[in-house]
Colleague: 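Structure below; questions to follow.
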Amino acid sequence: MFEHDTFQQRVYQIIAAIPYGQVATYGDVAQLAGSPRAARQVGGVLKRLPKGSKLPWHRVINRTGSISLIGDDLMRQRDALEAEGIEVSDDGKVSLEHYRWQP
DNA sequence: GTCGTGACTTTAA
DNA sequence: TTTAAAGCCACGA
């Protein structure tokens, strides 16, 4: 039998499904996970990702197209996005209109 | 079982 | 335009 999947488990699955070169917002992931108001929790899940996780967590950004991280992590995510061909403005923003994943 | 927390979002000033 | 405050809810201790 299958165990009841948790919100966390769904978030992993959804993020893993974000195509290369595209991004999704925390709210998008939350909605796809079945809890439209749990955007904050998506961030919480990513914050505590297992060390060796291969999830493309860098493809998740906030509603304004900005990266919700700071310091080194911010830089790492920006680099990862640019490495996929996603343009990041000098303000550290991504054009959601052009890169947002639409399932 | 309860409580504090926060990689969010929206609304108001 | 920018900044503040409140609502939201799953997770870990």
Side-chain angles (χ1 to χ4, degrees):
Chain A
M1 295 303 281
F2 302 104
E3 50 192 302
H4 306 324
D5 33 326
T6 64
F7 177 81
Q8 188 172 20
Q9 191 71 263
R10 293 185 185 183
V11 169
Y12 288 145
Q13 206 165 12
I14 292 163
I15 293 177
I18 301 175
Y20 180 96
Q22 295 192 255
V23 299
T25 70
Y26 294 96
D28 289 341
V29 176
Q31 185 167 29
L32 292 172
S35 299
R37 309 298 163 97
R40 212 171 194 179
Q41 250 35 251
V42 175
V45 169
L46 296 183
K47 181 181 183 180
R48 300 185 290 264
L49 268 180
K51 190 179 175 188
S53 177
K54 297 184 174 64
L55 279 180
W57 58 269
H58 55 273
R59 294 177 188 154
V60 184
I61 59 182
N62 66 29
R63 195 59 171 60
T64 68
S66 298
I67 296 172
S68 296
L69 291 173
I70 56 178
D72 277 6
D73 290 334
L74 168 58
M75 193 176 70
R76 284 200 301 135
Q77 183 167 7
R78 194 182 61 231
D79 287 345
L81 291 173
E82 291 180 334
E84 297 192 355
I86 298 172
E87 289 188 50
V88 181
S89 71
D90 294 335
D91 283 350
K93 288 187 183 177
V94 174
S95 300
L96 288 174
E97 295 299 321
H98 294 88
Y99 297 107
R100 192 180 194 183
W101 178 40
Q102 309 173 255

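Letters A, B, ... mirror the listed sequences (proteins, then strands); counts begin at 1.
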Colleague: Taking the side chain as everything from C-beta on, heavy atoms only, tell me whether A:Val11 gets closer than 4.5 Å to A:Gln41.
Modeller: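 No, every pair of side-chain atoms sits at 4.5 Å or beyond.
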Colleague: Taking CD in A:Gln22 as the centre, count heavy atoms belonging to other residues, nucleotides or ligands within less than 6.0 Å. Is the count above 12?
Modeller: yes
Colleague: Earliest and latest nucleotide of DNA chain B, 5' to 3', sitting under 4.0 Å from a non-hydrogen atom of chain A?
Modeller: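 Contact span on the strand: B:dG6 to B:dT10.
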Colleague: Expressed in angstrom and rounded to an integer, what is the separation of A:Arg63 atom CZ from C:dC8 atom P?
Modeller: 18 Å
Colleague: Contact between A:Val45 and A:Val29 at the side-chain level, heavy atoms closer than 4.5 Å - yes or no?
Modeller: no
Colleague: Could you tell me how far apart A:Tyr26 (OH) and C:dA10 (P) are, to the nearest whole angstrom?
Modeller: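 Value for this atom pair: 18 Å.
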Colleague: What salt bridge (Lys or Arg N to Asp or Glu O under 4.0 Å) pairs are there with at least one residue in residues 52-79 of chain A, not counting sequence neighbours?
Modeller: A:Arg59-A:Glu84, A:Asp73-A:Arg76
Colleague: For atom CD of A:Glu82, is the number of surrounding heavy atoms from other residues, nucleotides or ligands below 6.0 Å larger than 12?
Modeller: yes
Colleague: Go through residues 40-51 of chain A and report each residue with a non-hydrogen atom lying under 4.0 Å from DNA chain C, sorted by number.
Modeller: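 Heavy-atom cutoff 4.0 Å gives A:Arg40, A:Gln41, A:Arg48.
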Colleague: Classify the nucleic acid contact of A:Phe7 as base, sugar-phosphate or nothing, counting any heavy atom under 4.0 Å across all strands shown.
Modeller: sugar-phosphate
Colleague: Counting the atoms with a prime plus P, OP1 and OP2 as sugar-phosphate, which does A:Thr64 contact under 4.0 Å by heavy atoms, base, sugar-phosphate, or nothing?
Modeller: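 Nothing: the residue A:Thr64, judged by heavy atoms under 4.0 Å, touches no strand.
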Colleague: If you compare all heavy atoms of A:Ala38 against all heavy atoms of A:Ala30, which two are closest, and at what distance to 0.1 Å?
Modeller: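 Taking every non-hydrogen atom into account, C-CB, 3.6 Å.
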Colleague: Which of these, A:Val23, A:Thr25, A:Ile18, sits in a side-chain contact (heavy atoms from CB on, under 4.5 Å) with A:Val60?
Modeller: A:Ile18
Colleague: Backbone N or O of A:Leu49 within a donor-acceptor pair of the A:Tyr12 side chain at under 3.5 Å?
Modeller: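 Not a single qualifying donor-acceptor pair exists.
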Colleague: Would you kindly compare A:Arg37 and A:Gln8 by the position of their nearest DNA chain C nucleotide and give the one closer to the 5′ end?
Modeller: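 Between the two, 5'-proximity favours A:Arg37.
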